[in-house]
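Inspection log for the structure reproduced underneath, given as structure tokens.
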Amino acid sequence: MTTRSAGPTITVRSEVVQPSADADARLAPARPATAAATIVGWDASEPSRAALAWALRRNPRGALHLVHVLDRSQANAEYFVADSTATRAEGTFREEADRIRRENPAVTITSEFLVGDPISHLRNLSGPNTLVVVGTHTRDGSPVRYEWSVGARLAGAANGPIAIIPEDTNPRATGVVVGVDGSAASAAALAFAAAEADCTGMKLRAIHAWQEPLVWRDTATPDPAFLYSLEQVHQQTLQNSVRTATDAYPQLPVTSTLVRGAPQWALLDAARGAALVVVGNHGLYGVRRLLLGLVSHSIVLNIQSPTVIVSASAEPRR
């Protein structure tokens with residue numbers, strides 16, 4: 001079938017992979033969340049409140065670490081004043097943390113107040129077995145406005161998975177969507193998404209998008225036989241990814257979708273109504289490490305649902 005998204009028209013082929021028939025029914029309580037530790041970035045804004053609410057729903061009887069980082073420029077402005085910005089901010093944060101603990105007695109909540117660069121501090125706290133959760137504003141107007149948001153910058157620099165939560169998140173949304181392409185970053189994203197879907201009891205939808213070679217776009221009509229063989233190669237990539245997920249979680253219901261079109265538009269289409277979108281980060285490293293890959297960058301700029309960005313080195317251990 002063909003569907004129209006916010007981008008160009010894309011062709012979609014979907015397949016439902018049934019859970020193993022001989023596996024036991026899923027009767028046990030959900031297992032702990034995929035990352036061993038959860039850190040929530042807090043500044044009392046509406047996006048940070050959305051991030052906290054999402055983290056609490058994700059693991060309602062677990063533990064989380066609430067972190068408020070006061071930008072050094074604000075703290076230095078009144079360094080020698082007794083009732084300085086930093087002193088007031090720390091006192092307010094401690095009161096907020098105490099209130100959050102009282103309202104969520106089933107969750108073990110620790111808190112930490114830091115002064116400095118928020119991206120640097122949160123990056124240092126991130127790791128393969130730690131999920132850092134930050135909020136973001138509802139997208140309004142040009143996506144370019146969000147190029148340097150905390151979520152976008154942190155996702156490119158972090159040492160582990162980063163969850164970016166829009167402030168208008170729908171708590172009734174369901175399903176986990178993951179983009180796969182056979183790369184190491186994609187494998188890490190798939191591992192995270194499958195574990196998340198399994199422990200939350202949601203369905204997993206794996207999406208693989210492909211396009212004909214760029215050289216043909218405006219110069220010639222692609223040969224149908226070649227396109228068919230190319231499609232089969234991409235179908236095999238998708239099937240291999242699905243097999244990896246179902247081998248690890250035989251009871252996990254998985255839908256696979258092969259899309260002929262741009263991957264960012266395919267994932268943004270699927271993000272509507274999804275509880276979570278997981279994508280791998282193919283970004284650069286070294287001095288340019290703050291940059292995300294093309295697809296993950298597009299998803300973050302146009303974010304519609306809670307989104308986790310996972311790099312190749314950030315696959316959580318189960």
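Residue numbers run from 1 in the order of the sequence given.
- With Ser111 as the partner, the side-chain hydrogen bond (donor to acceptor under 3.5 Å, both in side chains) test is satisfied by one option alone out of Arg101, His65, Glu96, His68: Arg101.
- Of all heavy-atom pairs spanning Ala50 and Pro166, the tightest one is CB-O, 3.7 Å.
- Distance alone, capped at 3.5 Å, is enough to place a donor-acceptor pair between the Thr307 side chain and the Ser305 backbone.
- The pair Arg49-Glu167 does not count as a salt bridge, with every side-chain nitrogen at least 4.0 angstrom from each carboxylate oxygen.
- Two residues are said to be in side-chain contact when any heavy atoms from C-beta on lie closer than 4.5 Å; Leu114 and Leu70 fail this criterion.
- For Ala185 against Asn281, the heavy-atom pair with the smallest separation is CB-O, 3.6 Å.
- The heavy-atom pair separating Leu238 from Ala206 by the smallest distance is CD1-O, 3.8 Å.
- You'll find the side chain of Leu227 reaches within 4.5 Å of the side chain of Trp210, heavy atoms only.
- Residues Thr200 and Arg58 have side chains that never bring a donor and an acceptor to within less than 3.5 angstrom of each other.
- Proximity of a side-chain donor or acceptor of His121 to a complementary backbone N or O of Val115 within less than 3.5 Å is detected.
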Note to self: Using side chain to side chain contact (heavy atoms under 4.5 Å, CB included), reason through Arg205 and Val178 one step at a time and then give a plain yes or no.
What the structure shows: CA-CA 6 Å; Arg205 182 181 179 189; Val178 60; over 6 Å; no
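- At least one side-chain heavy atom of Val107 sits under 4.5 Å from a side-chain heavy atom of Leu56.
- Using a 4.5 Å heavy-atom threshold, the side chains of His208 and Thr257 count as separate.
- In terms of modelled atom types and a separation under 3.5 Å, the side chain of Asn104 and the main chain of Ile100 share a donor-acceptor contact.
- In this structure the side chain of Gln304 reaches within 4.5 angstrom of the side chain of Arg272, judged on heavy atoms.
- When all heavy atoms are compared, the tightest approach of Gly179 to Ser186 is O-OG, 3.9 Å.
- Between Gly135 and Ala51, the shortest heavy-atom distance links the atoms N-CB, 3.6 Å.
- Here the CD1 atom belonging to Ile162 is positioned 9.0 Å from the OG atom belonging to Ser311, to the nearest 0.5 angstrom.
- The CG atom of Asp43 sits 12.5 Å away from the OG1 atom of Thr92 when rounded to the nearest 0.5 Å.
- Atom-to-atom distance recorded for Asp181:CG and Ile207:CD1 is 12.5 Å, nearest 0.5 angstrom.
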Next item on the list: List the steps, then state whether side chain to side chain contact (heavy atoms under 4.5 Å, CB included) holds for Leu267 with Val177.
Entry: CA-CA 8 Å; Leu267 287 167; Val177 172; 4.0 Å; yes
Note to self: Between Val279 and Val300, does the side chain to side chain contact (heavy atoms under 4.5 Å, CB included) criterion hold? Intermediate values first, please.
What the structure shows: CA-CA 10 Å; Val279 292; Val300 170; over 6 Å; no
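- Under the 4.5 Å side-chain criterion, counting only non-hydrogen atoms from C-beta, Thr136 is not in contact with Ile165.
- Although no hydrogens or angles enter the test, the distance criterion places a donor-acceptor pair under 3.5 Å between the side chain of Asp117 and the main chain of Ser120.
- Separating the CD atom in Gln264 from the CG atom in Leu301 is a distance of 11.0 Å, to the nearest 0.5 Å.
- Between the side chain of Thr244 and the backbone N or O of Asn240, at least one donor-acceptor pair lies under 3.5 Å.
- Judged purely by atom type and a 3.5 angstrom limit, Ser48 has no side-chain atom pairing as donor or acceptor with the backbone of Trp42.
- Thr130 contributes no side-chain N or O that, together with a main-chain N or O of Ser126, makes up a donor-acceptor pair within less than 3.5 Å.
- For the pair Arg99 and Glu95, the salt-bridge criterion is not met [side-chain N within less than 4.0 Å of a carboxylate O].
- Considering only heavy atoms from C-beta on, Leu252 stays 4.5 Å or farther from Lys203 through its side chain.
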Next item on the list: Report the C-alpha separation of Leu66 and Glu112 in whole Å, then their side-chain angles, then the decisive distance to 0.1 Å, and conclude whether the side chain to side chain contact (heavy atoms under 4.5 Å, CB included) test is met.
Entry: CA-CA 6 Å; Leu66 199 63; Glu112 184 175 8; over 6 Å; no
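- Within the 3.5 Å criterion, the main-chain N or O of Arg243 finds a donor-acceptor partner in the side chain of Thr246.
- Distance check, rounded to the nearest 0.5 Å: CZ of Phe192 to CD1 of Ile309 gives 11.0 Å.
- No donor-acceptor distance shorter than 3.5 angstrom exists from the side chain of Asn302 to the backbone of Leu268, with no hydrogens or angles considered.
- The two residues Thr38 and Ala63 come nearest to each other via the heavy atoms CB-O, 4.0 Å.
- More than 12 heavy atoms of other shown residues, nucleotides or ligands fall within 6.0 angstrom of atom CZ in Arg57.
- Remark: His137 NE2 to Ile303 CD1 distance equals 12.5 Å, nearest 0.5 Å.
- Side chains of Val134 and Ile164 form a contact here, defined as non-hydrogen atoms less than 4.5 Å apart.
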